[in-house]
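Contents: one structure, followed by commentary.
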Amino acid sequence: MKLTAKGRYAVMAVADLAAQGEGACESLSAIGARQAISVTFLEQIFAKLRKAGYVESVRGAQGGYSLARSAHLISLDGVIRAVDAAPKAHGCTPESKIACTGRTDRCLTHDLWGALETHIEGFLSSISVQDVVDGRLPILEAAE
């Protein structure tokens with residue numbers, strides 16, 4: 001399973017911004033200090049988040065970034081996709097002429113990894129940034 005640092009840090013930064021309250025405007029250095037993320041990395045992330053319409057930049061001495069929409073309307077899946085590709089479990093890609101095995105045939109577990117990707121995508125799309133801030137996360141009970 002591959003969820004990149006960029007995707008994880010984007011979710012952390014957007015959740016941090018949402019936790020500051022509706023309409024809050026925060027500098028990247030403030031977000032970086034609270035979340036232990038470098039400002040340089042946050043600049044890359046926020047450029048993509050701004051382009052995707054999740055954050056707005058505010059110029060001036062009291063400038064920084066604010067959420068462009070309510071945290072209730074921002075899904076984790078959307079944030080991750082804005083900065084990175086979706087989490088991937090497959091060893092191959094649909095566009096590739098070479099399949100999982102390095103030849104033209106699929107591996108035995110190809111459909112399993114596809115189902116896992118679909119499950120993860122559905123899970124992340126069902127959780128909003130506000131859910132993270134409020135601690136409202138689905139808990140899966142361990143099988144006995």
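Computed from a predicted structure; not experimentally measured. Start at 1 with the first residue, then count along the sequence.
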Closest non-hydrogen atom pair between A15 and V133, with its separation: O-CG2, 3.5 Å
Inter-residue atom distance L137.CG - F123.CZ, 0.5 Å rounding: 6.5 Å
CZ (R50) with more than 12 external heavy atoms under 6.0 Å: no
Inter-residue atom distance Y54.OH - R81.CZ, 0.5 Å rounding: 9.5 Å
Pairwise side-chain contact, V132 with I127, heavy-atom cut-off 4.5 Å (strictly under): yes
Nearest heavy-atom neighbours spanning A10 and V83: CB-CG2, 3.7 Å
Atom pair CG (L42) and CD1 (I31), whose distance is rounded to the nearest 0.5 Å: 6.5 Å
Over all atoms of both residues, closest heavy-atom pair of L17 and A24: CD1-O, 4.2 Å
Value rounded to 0.5 Å, distance of CD in Q130 from CD in E22: 8.0 Å
Residue pair S27 / S29, side-chain donor-acceptor N/O under 3.5 Å: yes
Pair up each side-chain donor or acceptor in residues 56-76 with any protein partner under 3.5 Å, not counting sequence neighbours, and list the distances.
residue: R69; atom: NH2; partner: G53; partner atom: O; Å: 3.3
residue: S70; atom: OG; partner: H72; partner atom: N; Å: 3.2
residue: S75; atom: OG; partner: G78; partner atom: N; Å: 3.0

D16 to R34 - nearest heavy-atom pair and separation: OD1-NH2, 2.7 Å
